[in-house]
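Quick notes on the structure that follows.
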Amino acid sequence: MPLHRLDALPDLSAIAARDVRSVFPESALIALEGRHTQPLFLSVLIHGNETVGWEALKRLQAWLADHPLPRSLLIFIGNVRAAERQARMVPGRPDYNRIWRAGETPEHDLAAQVTEIVRGARPFAAIDLHNNTGANPHYALVHHDRAEDLQLTSLFSPNAMLTRNPPGTCSEAMSAFCPAITAECGHSGIAANEEAAFNLVRDILHLDHWRGAPDRPLDVYTVMGRILIDPEARMVFEHGAQGDVEFPASLEKWNFFDRPAGSTFARILNGGNPVRVTTETGQDVTGLCFAREGDRLILKRDFTPAMLTTNEAAIRADCLGYLMEKTG
Ligand SMILES: [Zn+2]
């Protein structure tokens, strides 16, 4: 996996993310010099179909046409082959957001190489730009509750998910030596999301120093577990449909909304335990999260769901979503 290193951006203005290989045939690391030399590390297209970072980069380049760069930048252009396919990752190859820990593949070597360069540059901050599938507000994954990390988060969104998982993400690796977040910018292809990503980057480029506190009120959540659906169970998302477990059609509207203890989460239509919750270490905590009242599956404690999706393929491949608890 070659890493191309450049010290200028080619003209991106007319290049769609799927055509990224016309300018970056391989993953690339671009160093741009700014007034403050301690760089911001920015990663884009780590997931090939999440185009927000690429579009934010195009906005940044247009802005730089008549503004000097306030702070140096190190820009990583991630999975260009997945972007070409308009897919999260290349089938049969690793997910580029799981390769930032020790591992055996050429992709792990690439990530290690990038990490060493970025670490050596003593970065001011690291931002990894992503989209997501379900209807979520903008939120950040943050890996430490250090004041700088929380300030970085607050400049993007009032919603922070404090987690070290899944293992091997880019921002978690960067958080070993600088404030780092994954900025989850909602659906791909939405101009307002691209603008929000660009605004975040521009704000951090202009930031002189960390103040030691969030700039805006911030809700920090910790993850209780992932909600898994029995692969045999038939899921339905409308009332009265035939299935084994029924969720409301508006399930995704619960993302980042506090749901009280005792509220209904699902209906279990044919008995059994088709809905389970497991922690990041694989421990089954279903009994701490849910109780049964007749056919209703109710929340045992106050929870805030996140990343709930009604996309069956996404649920089967990954999970229904996450249950979080507010800290503090
Ligand atoms: Zn992603």
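Quick note: residue numbers are just sequence positions, from 1. We use all heavy atoms of the structure for the numbers below, so side chains are in, but hydrogens, waters and symmetry mates are not. Please read these numbers as outputs of a predicted model, since none were measured by experiment. Remember, it's 1-based here, ligands and their atoms both numbered in the order they're listed.
Considering every non-hydrogen atom in both I15 and K58, the closest pair reads O-NZ, 2.9 Å.
For the side-chain hydrogen bond (donor to acceptor under 3.5 Å, both in side chains) test, no residue two or more places apart in sequence or in another chain qualifies with W210.
Any protein N/O/S atom under 2.8 Å from the Zn ion (ligand 1) was counted, giving 4 altogether.
Figure legend: cation-pi geometry between R122 and F177 absent, as NZ or CZ is not positioned both under 6.0 Å from the six-membered ring centre and within 45° of its axis.
Its side chain within the 4.5 Å cluster rule, L141 clusters with Y139, M161, Y221, V223, F256, M307, Y322, M324 among the Ile, Leu, Val, Met, Phe, Trp and Tyr residues. In this structure, I229 shares a hydrophobic cluster with M224, I227, M235, F237, V245, F247, L251, W254, F265, I268, V275, V277, V285, L288, F290, L297, L299, F303, L308, I315, L320, L323, the cluster being traced through Ile, Leu, Val, Met, Phe, Trp and Tyr side chains under 4.5 angstrom apart.
Taking the six-membered ring where the residue is Trp, the centroids of H130 and W54 are separated by 6.0 Å or more.
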